[in-house]
Amino acid sequence: MKYLLYLISIVVVIALTVGGFGALGLGALVPNLLLLIILSVALEYSIGDFIFFALVGGIWLDVIYGLPIGSFTLAFVICGGLSTLVFQRVFYSEVNARQFLLVVAVSTLLLNFWLWFYTQTLHYFHIVPIGVSGLQLLRHTPAMLIANIILTYPLYALVEFISKTTSRFAQRQPYLRS
Amino acid sequence: MRFIYSKIFLTFAGCLVLVVVLLLLQTKGILQPIEYALLQAPRPVTNAVRSVAEPVQGFFKTIFSLRSIVRENASLRQRIIALEQQQTSFDKLQLENELLRKEFNFQQNSPYQLQPCSVLSIDPQELSDAIVVSCGTEEGIKEGQAVLSEGFLIGKVVFVGSHTSTALLISNAQSAIDARISKNGVEGVVKGSFGSGMILDLVTQTSEINPGDLVVTAGINNRIPKDIVIGEVGQIISQPNDLFKKASITSPIRFRSVDFVFIVKQ
């Protein structure tokens with residue numbers, strides 16, 4: 001049931017990115033909602049939940065963008081994994097809103113670098129026909145960064161709200177049963 | 001060394017292996033049915049969201065571009081008058097042409113074998129400039145074939161699966177198509193430039209190109225037939241002391257709004 005809900009949210013996020021922001025004709029000012037969700041999930045939920053979002057959402061986005069599998073998938077796994085490692089193994093603390101903003105900014109840059117590096121490497125070895133242009137990414141990065149940062153707080157708040165609601169519901173379950 | 005037995009490392013390694021396997025399957029075209037399903041699945045939701053987003057975009061676009069609309073309207077009125085005058089002479093020529101065609105028993109249909117395909121997805125962030133269309137090897141599509149919209153060249157097929165194909169838009173910086181000016185045969189290469197523009201490059205300095213000249217394919221590449229319209233010359237952007245002449249190319253097609261395309265099978 002949980003994973004079905006995750007799947008529905010991935011479909012909605014992809015539809016919003018492609019149908020909503022894509023249709024608004026904002027050029028590069030399109031947020032990567034899935035990245036924001038994955039970072040929130042990585043920091044708030046368990047590793048299994050984060051991996052599900054990163055793999056399913058990433059592969060889906062790779063297919064939609066017409067890119068080789070792994071372009072978004074591995075970027076999501078790396079960004080989410082690194083954020084989890086940094087906050088759970090290095091700082092031993094929960095992430096606050098300001099730190100989360102920094103995580104989003106760094107992850108956006110990392111995602112763009114990965115998109116360029118991964119697709120260009122595969123293109124260089126003639127494994128795939130398309131490599132994302134580095135100059136094009138450089139031109140689009142500031143707009144993508146702004147779009148992601150603007151939507152960071154609303155999405156973070158939404159994911160945190162869902163997380164708190166589900167944990168409260170889980171705590172009340174034994175009483176409800178008795 | 002204990003790190004390699006940690007849960008995070010094992011999970012990451014598992015993801016890596018899975019991605020490598022999926023990538024291999026994707027390059028072999030085995031994932032085509034799954035990819036097709038993934039492309040189709042979010043379409044009802046995407047269309048619903050788009051039906052809300054498009055009027056919003058239209059509203060703001062109209063407000064922001066009122067001044068240019070007025071200017072464009074004035075120039076279009078002038079152009080209509082000129083075109084109406086041209087139309088009368090074209091009607092006469094068409095009549096003459098039809099008579100000649102009948103006389104020589106020419107085929108009246110398009111010389112190309114066109115395959116209609118619907119566009120399944122366009123990268124919304126303008127990163128890869130790739131479009132995925134609903135035709136593949138089953139429909140006789142091959143790599144390198146031209147992709148048309150309303151008679152204009154918009155891209156080239158770069159990957160063919162059994163039911164879908166990926167095409168690279170000609171506005172992509174990695175795209176290069178041999179082209180010529182329709183009226184005088186001056187040859188060059190149409191390259192994509194960042195954003196959604198195109199440039200006619202590698203034209204010798206002595207050649208004559210003027211704004212408004214029609215740019216068509218040269219047909220040097222045997223997969224893309226000659227005389228397919230690419231667009232018209234916008235501005236000359238090179239200096240007289242440059243090695244080659246360069247000009248911007250404008251196309252009336254909004255590449256990112258196409259829903260249906262034709263692939264030239266020849």
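Within every chain, numbering begins at 1; the chains are lettered A, B, ... in the order of the sequence lines, protein sequences first and strands thereafter. When reading the values below, keep in mind they use all heavy atoms of this one structure, side chains included, and skip hydrogens, waters and symmetry mates.
For the atom pair CD1 (A/I127) and CD (B/Q26), the distance works out to 11.5 Å, reported to the nearest 0.5 Å.
For A/L16, the parts lying under 4.5 angstrom from a heavy atom of chain B are both the backbone and the side chain. For a residue to count as touching a neighbouring chain, one of its non-hydrogen atoms must lie under 4.5 Å from one of that chain's; by this rule A/I51 touches chain B with the side chain only. Only the side chain of A/L122 comes within less than 4.5 Å of a heavy atom in chain B; its backbone stays farther off. When heavy atoms are compared at a cutoff of 4.5 Å, B/L31 approaches chain A solely by way of its side chain, counted from C-beta outward. There is no contact between A/L61 and chain B, counting heavy-atom distances below 4.5 Å.
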Donor-acceptor contacts, no H, no angles, side chain residues 34-42 of chain A, under 3.5 Å, sequence neighbours left out:
unit_1: A/S40; atom_1: OG; unit_2: A/L36; atom_2: O; d: 2.7

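The two residues A/V63 and B/V132 have their closest heavy-atom pair at O-CG2, 4.2 Å. The two residues A/P129 and B/F159 have their closest heavy-atom pair at CG-CB, 3.8 Å. Counting all heavy atoms, side chain and backbone alike, A/A15 lies closest to B/V45 at CB-CG1, 3.5 Å.
Heavy-atom contacts from other residues, nucleotides or ligands closer than 6.0 Å to CZ of A/F117 number 12 or fewer. Environment of CZ in B/F260: sparse, with no more than 12 heavy atoms of neighbouring residues, nucleotides or ligands closer than 6.0 Å. Within 6.0 Å of atom NZ in B/K245, more than 12 heavy atoms from other residues, nucleotides or ligands are found, so the atom counts as buried in its surroundings.
Proximity to chain A at a heavy-atom threshold of 4.5 Å picks out B/E35, B/L38, B/L39, B/A41, B/P42 from residues 34-42 of chain B, in numerical order. Inspection of non-hydrogen atoms places B/C15, B/L16, B/L18, B/V19, B/L22, B/L23 of residues 13-25 of chain B under 4.5 Å from chain A.
Of the listed residues (A/I14, A/V132, A/L74, A/T73), the one with the most heavy-atom contacts under 4.5 Å to chain B is A/L74.
Side-chain atoms of B/S121 come within 3.5 Å of backbone N or O of A/I64 as a donor-acceptor pair. Counting only distance, with no hydrogens or angles, the side chain of B/Q174 and the backbone of A/G131 share a donor-acceptor pair below 3.5 Å.
Partners of B/N172 according to the side chain to side chain donor-acceptor pair (under 3.5 Å) rule, which considers only residues two or more places apart in sequence or in another chain, are B/D129.
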